[in-house]
Peer 1: 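Following this message is one structure expressed as structure tokens.
A quick note: this is a predicted structure, and the numbers were derived from the prediction, not measured. Convention: sequence-line order gives letters A, B, ...; per-chain numbering from 1. Only this structure's heavy atoms are used, side chains among them; waters, hydrogens and symmetry mates stay out.
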Amino acid sequence: MRYMITAALPYANGPLHIGHLAGAFLPADIYARYRRLVGDDVLFVCGSDEHGVAVAIQARKEGVTPRQLVDRYHPLFERLFREFDLSTDIYYRTSEALHHQTAQEFFLRFYETGQLIEQTTEQFYDPEAELFLPDRYVVGTCPHCGNDRAYGDQCEKCGSSLTPQELISPRSALTGKVPELRPTTHFFLPLDRWQERMEKYILEEHRDWKPNVLGQCRSWLQQGLAPRAITRDMDWGVAVPLDSARGKVLYVWFDAPIGYISASKAWAQRRAQTRPDASPDDWKAYWTDSTIVHFIGKDNIVFHCVVFPAMLMGHGEFRAPDYVPANEFLNLEGEKISTSRNRAVWLHEYLQDFPGKSDVLRYVLTAIMPETKDADFSWKDFQARNNNELVAIVGNFVHRVLTLIQKYYGGRVPSPGVLEPGDEKILAAVGESARGIGEALEKFRFKDALAAAVQLARDGNKYLTENEPWHRIKTDPERVKTVLFSGLQAVAGLGVVLEPFLPQSAAKIRRLVGMESVAWATAQQTPLVGAGTQLPEPELLFEKIEDAAVEAQIAKLPLAVGVASEALAPAAEAPKPDVAFEQFALTDLRVGRILKAERVKGADKLLRLEVDFGFERRTIVSGIAAYHTPEELTNKNAAFVVNLPARKLRGVESRGMLLTVEGADGTLRALWAPDEAPPGAKIA
RNA sequence: GGCGAGAUAGCUCAGCCGGUUAGAGCGCAGCACUCAUAAUGCUGAGGCCGAGGGUUCGAGUCCCUCUCUCGCUACCA
């Protein structure tokens, strides 16, 4: 069987954390390794997703070019893939020329076969920079919460989705100038035309997908698929290959999944250079005549299950994905992982703090993998699983057998005598374990599979306890030969069945038992290691992790805001361009006394405030319901802008804006004014 | 606001198309053992299966309502 396996492309605007590993990389790697072990023909690809507005924005924030930004993250990602033994056949990047070419071909294919529609809309244009501004590049005041740094696509303070036209006093993020509306033409992928085909593809042909995946898709199909813009006015990304579309690039969601294909092409090209039997076209079979499996997180479901399949089908030369085993999310110590708050376990830092322990993290993340619901990573659990499972069960079993053989036979594997039922049982357990693990993995049940592998070590421990070779050596030394021979086969079995999960440890076990073959079928053979084999000195597989080590990690979390990873930490947001004092003075800031506060009906985020300014009472609506209860605001003084145009929010006219302070975690608090200040007092 | 997923022992989680006394690992208690990184093995105590209704001979498992968590999406102009 042939398999095309992909892991979600990590976005190159921030470092990688345990969520990336547990969500997509690790299951993809385990699955790919397993498939190779059973002899399947596997192509496993991943790479950095380097385009998009978020990269451009992040680069701008840090005062570097997008190219410089991705050139910093891509090598780091590549290194981490190596260090965590993620066995991709290629780790690619979407800024490569080959990818641009592939994505452009994709676009042209759609364009030339009439599968795109063009639509002209009014969009903000920056006359000084001479270009159309992407939504993200228009900043202004949020009409909902009054945040004056809202982006044209979203206000990050109140979470509202916006269009640039909604912003109050919009300005260009590039030059600070007031942009003008001009018509611009964009290409859309008319997904509505795919409604029926997608319903068939998902609801009929893939009813076996996971409930979370199917549920998401149903939800989308129910709402009805709508055309989606696939181009943007921007200079960072894959250029739209048409003369009439200068200054436009492909929208990142369109080009990113094509990265899987570009990566496959690049793999074939590179291989063809070194192997005479290989052709640069070898990638094609994986995208036409194979089983295609995409490993992703739940936030990517719709793209991989609806949009990308439509793209592949529309192109005409590709097969649509067969499985999309999306994982849920991983939390950290009971709270969400947050890149912006620096609340994460960064992979590069983990390796600094726990050198050589990539297998341990692989083990723990597989054991708690969020397969059906969000899961929680805690350092105490990490320690417990390492100490109680890897050290005490797996490592200890291997070590017991090896040291006994060393002690009694100088490391030479003894010949077994007549097998008793217990011996047969442990010998058979190896093959059964491999079979059970295989079945679980084929159903994408990684936690079960790993538990089955550990069970083999548990069985081994039990076998030793029941047969007491350390006791029998004095009374029945012949019997001990059989017991240790049999126990060693279970150890060797671990060297095979652990390979998909813990590649380094499995390889070490194989070395310690003098076994070369890793093929899955090896586990079905008896013996795996023949009598007379000379074994090397035993070594420990895992070591205990002390309390101090995990306590240090826990202590690091709350303190970590803004201090970790100097090289990668985003710089604090730069100040806005200078403004003339006269211009600043135009803003009328006043103390207002909040007489009454209440929730705006039907709106999650809005509070309606009755505010006394001395000269008059006004109604002001503010998007802080998530951060303040009405009671907290009542009868308090706060700072307001009072000379903004009136704005209707959820039907309520708001005449002014409450000023707020943003916390490190993005939460908002009202900017209080002294209680003794009279209503209407000027602020300057 | 709409939609989706989840809510099961102290903790982390399994429970497939409804069926006899609801499972695992950790943690806890007791016993056994001492080859092993004080590691292992055995036994045991722990559950009104989120709340409330309903369908059924029978529901953790199906239906309805509600609450909480996470995700997708929207609107209030």
Peer 1: Checking all strands, does Phe542(A) fall into the base, sugar-phosphate, or nothing category for heavy-atom contacts under 4.0 angstrom?
Peer 2: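 Base, at least one base atom sits under 4.0 Å.
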Peer 1: Got Tyr363(A) and Asn386(A) here, is their nearest side-chain heavy-atom distance under 4.5 Å?
Peer 2: no
Peer 1: Between C1' on C72(B) and CD1 on Ile296(A), what's the gap in Å once rounded to a whole number?
Peer 2: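 These atoms are roughly 13 Å apart.
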Peer 1: Taking the basic N atoms (NZ, or NE/NH1/NH2) and the acidic carboxylate oxygens, is any pair closer than 4.0 Å for Lys508(A) and Glu539(A)?
Peer 2: yes
Peer 1: Closest to the Ala392(A) side chain: C35(B), U37(B), U40(B)?
Peer 2: U40(B)
Peer 1: Nearest of G41(B), C72(B), U8(B) to any side-chain atom of Lys373(A)?
Peer 2: U8(B)
Peer 1: Looking at the side chain of Asp374(A), which of C70(B), U12(B), A36(B) is the nearest nucleotide?
Peer 2: C70(B)
Peer 1: Please determine whether a side-chain nitrogen or oxygen atom of Arg608(A) lies at a distance below 4.0 Å from atom OP1 or OP2 of C76(B).
Peer 2: no
Peer 1: Between Arg445(A) (CZ) and A14(B) (C1'), how many Å, whole number?
Peer 2: 7 Å
Peer 1: The side chain of Asn212(A) lies closest to which of these nucleotides: U34(B), G25(B), A5(B)?
Peer 2: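 Looking only at heavy atoms from C-beta outward on Asn212(A), the closest nucleotide is A5(B).
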Peer 1: Of Gly215(A) and Gly395(A), whose nearest nucleotide on RNA chain B comes first from the 5' end?
Peer 2: Gly215(A)
Peer 1: Would you mind classifying the nucleic acid contact of Thr372(A) as base, sugar-phosphate or nothing, using non-hydrogen atoms under 4.0 angstrom?
Peer 2: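 Result for Thr372(A) = sugar-phosphate.
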Peer 1: Could you give the distance separating C26(B) and U40(B) at their P atoms, to the nearest angstrom?
Peer 2: 8 Å
Peer 1: Counting any heavy atom closer than 4.0 Å, what does Arg472(A) reach on the DNA or RNA strands: base, sugar-phosphate only, or nothing?
Peer 2: nothing
Peer 1: Expressed in whole Å, how much space separates the C1' atoms belonging to G27(B) and A74(B)?
Peer 2: 45 Å
Peer 1: Given atom CG of Leu225(A) and atom P of U73(B), what is their separation to the nearest angstrom?
Peer 2: 14 Å
Peer 1: Hey, are Glu420(A) and Arg479(A) close enough for a salt bridge, meaning a charged N less than 4.0 Å from a carboxylate O?
Peer 2: yes
Peer 1: Hey, mind stepping through Tyr201(A) and Trp209(A) against ring-ring contact (aromatic ring centres under 6.0 Å, His included) and telling me if it holds?
Peer 2: CA-CA 11 Å; Tyr201(A) 168 66; Trp209(A) 285 357; 5.8 Å; yes
Peer 1: With respect to the side chain of Lys298(A), which nucleotide from G71(B), U40(B), G25(B) is positioned closest?
Peer 2: G71(B)
Peer 1: Please report the distance separating the C1' of G41(B) from the corresponding atom of G25(B), rounded so that it comes out in whole Å.
Peer 2: 16 Å
Peer 1: If you measure from the C1' atom in C3(B) to the same atom in G44(B), how many Å do you get, rounded?
Peer 2: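 Per the computed distance, 47 Å lies between those C1' atoms.
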Peer 1: In this structure, is the centre-to-centre distance between the rings of Tyr323(A) and His206(A) below 6.0 Å?
Peer 2: no
Peer 1: Let's see if you can work this out: which of C26(B), C42(B), U37(B) has an atom nearest to the side-chain heavy atoms of Ala384(A)?
Peer 2: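 Nearest to the side chain of Ala384(A) among the choices is C26(B).
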Peer 1: How many whole angstroms separate atom CD of Glu389(A) from atom P of A24(B)?
Peer 2: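 Interatomic distance, CD of Glu389(A) to P of A24(B): 15 Å.
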Peer 1: Taking atom C1' in both A59(B) and C63(B), compute the distance separating them and give it to the nearest angstrom.
Peer 2: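 My reading of the C1' atoms in A59(B) and C63(B) gives 11 Å.
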Peer 1: Mind calculating the distance between CG (Asn467(A)) and P (A32(B)) to the nearest angstrom?
Peer 2: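 In whole Å, A32(B) P and Asn467(A) CG are 21 Å from each other.
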Peer 1: With sugar-phosphate meaning primed atoms plus P, OP1 and OP2, does Asp376(A) contact a base, only sugar-phosphate, or nothing at under 4.0 Å between heavy atoms?
Peer 2: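 Sugar-phosphate: the residue Asp376(A), judged by heavy atoms under 4.0 Å, touches backbone atoms but no base.
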Peer 1: Grab the CG-P distance between Leu456(A) and G25(B) for me, whole Å please.
Peer 2: 16 Å
Peer 1: How does RNA chain B read in dot-bracket, base by base from 5' to 3', with Watson-Crick or G-U pairs under 3.5 Å and | used when the partner is on another strand?
Peer 2: (((((((..((((.....[...)))).(((((.......))))).....(((((..]....))))))))))))....
Peer 1: At under 4.0 Å between heavy atoms, what does Lys336(A) touch on the DNA or RNA strands: base, sugar-phosphate, or nothing?
Peer 2: sugar-phosphate
Peer 1: How far apart are the C-alpha atoms of Trp379(A) and Phe354(A), what are their side-chain angles, what is the distance that settles it, and do they pass the ring-ring contact (aromatic ring centres under 6.0 Å, His included) test?
Peer 2: CA-CA 13 Å; Trp379(A) 282 107; Phe354(A) 297 97; 5.7 Å; yes
Peer 1: Take atom P in C49(B) and the same atom in C62(B), then report the distance between them in whole Å.
Peer 2: 15 Å
Peer 1: I'd like to know if Glu468(A) and Arg472(A) make a salt bridge, using a cut-off of under 4.0 Å between side-chain N and carboxylate O.
Peer 2: no
Peer 1: Once you apply a heavy-atom cut-off of 4.0 Å, does Lys544(A) come out as touching a base, just sugar-phosphate, or nothing?
Peer 2: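 Lys544(A): base contact, heavy atoms under 4.0 Å.
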Peer 1: Counting any heavy atom closer than 4.0 Å, what does Asn396(A) reach on the DNA or RNA strands: base, sugar-phosphate only, or nothing?
Peer 2: base
Peer 1: When the nearest nucleotide of RNA chain B is assigned to Ile393(A) and to Glu371(A) on a heavy-atom basis, which residue is associated with the more 5' position?
Peer 2: Glu371(A)
Peer 1: Measure from the side-chain heavy atoms of Phe329(A) and tell me the nearest of A39(B), G71(B), A14(B).
Peer 2: G71(B)
Peer 1: Whole angstrom is fine here: how far is it from CZ in Phe397(A) over to P in C35(B)?
Peer 2: 17 Å
Peer 1: C13(B), G27(B), C72(B): which one has an atom nearest the side-chain heavy atoms of Asn388(A)?
Peer 2: G27(B)
Peer 1: NA contact type, Ala451(A), heavy-atom cut-off 4.0 Å: base, sugar-phosphate, or nothing?
Peer 2: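 Nothing, no nucleic acid heavy atom in range.
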Peer 1: Ignoring the backbone of Thr465(A), work out which of G41(B), U12(B), A36(B) is nearest its side chain.
Peer 2: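 In terms of side-chain proximity for Thr465(A), the closest of G41(B), U12(B), A36(B) is G41(B).
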Peer 1: Using 4.0 Å as the upper bound for N to carboxylate O, is an ion pair formed by Lys357(A) and Glu543(A)?
Peer 2: yes
Peer 1: Just checking, Lys298(A) and Phe329(A): is the charged tip under 6.0 Å from the six-membered ring centre and within 45° of the axis?
Peer 2: yes
Peer 1: Do the charged groups of Glu371(A) and Lys373(A) touch, with an N to O distance under 4.0 Å?
Peer 2: no
Peer 1: So what does Leu484(A) hit on the nucleic acid, given a heavy-atom distance under 4.0 Å: a base, only sugar-phosphate, or nothing?
Peer 2: nothing
Peer 1: Please report, rounded to the nearest Å, how far the C1' atom of G71(B) is from the CG atom of Asn327(A).
Peer 2: 14 Å
Peer 1: Side chain of Gln216(A) only, please: which of G41(B), G71(B), G15(B) is the nearest?
Peer 2: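 Among the listed nucleotides, the one closest to the side chain of Gln216(A) is G71(B).
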Peer 1: Would you say G2(B) has OP1 or OP2 under 4.0 Å from some side-chain N or O of Arg218(A)?
Peer 2: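 Checking Arg218(A) against G2(B): no side-chain N or O falls below 4.0 Å of OP1 or OP2.
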Peer 1: With syn defined as a glycosidic angle within 90° of 0 and anti as everything else, classify G25(B).
Peer 2: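 It is anti.
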Peer 1: Give me the distance, rounded to whole Å, that separates G50(B) from A7(B) when you measure between the P atoms they each carry.
Peer 2: 7 Å
Peer 1: Begin from the C-alpha positions of Tyr463(A) and Asp423(A) and carry the test side chain to side chain donor-acceptor pair (under 3.5 Å) through to its verdict.
Peer 2: CA-CA 8 Å; Tyr463(A) 175 73; Asp423(A) 309 328; 2.6 Å; yes
Peer 1: With C1' as the reference atom in both, quote the distance from U12(B) to G19(B) in angstrom, rounded to an integer.
Peer 2: 29 Å
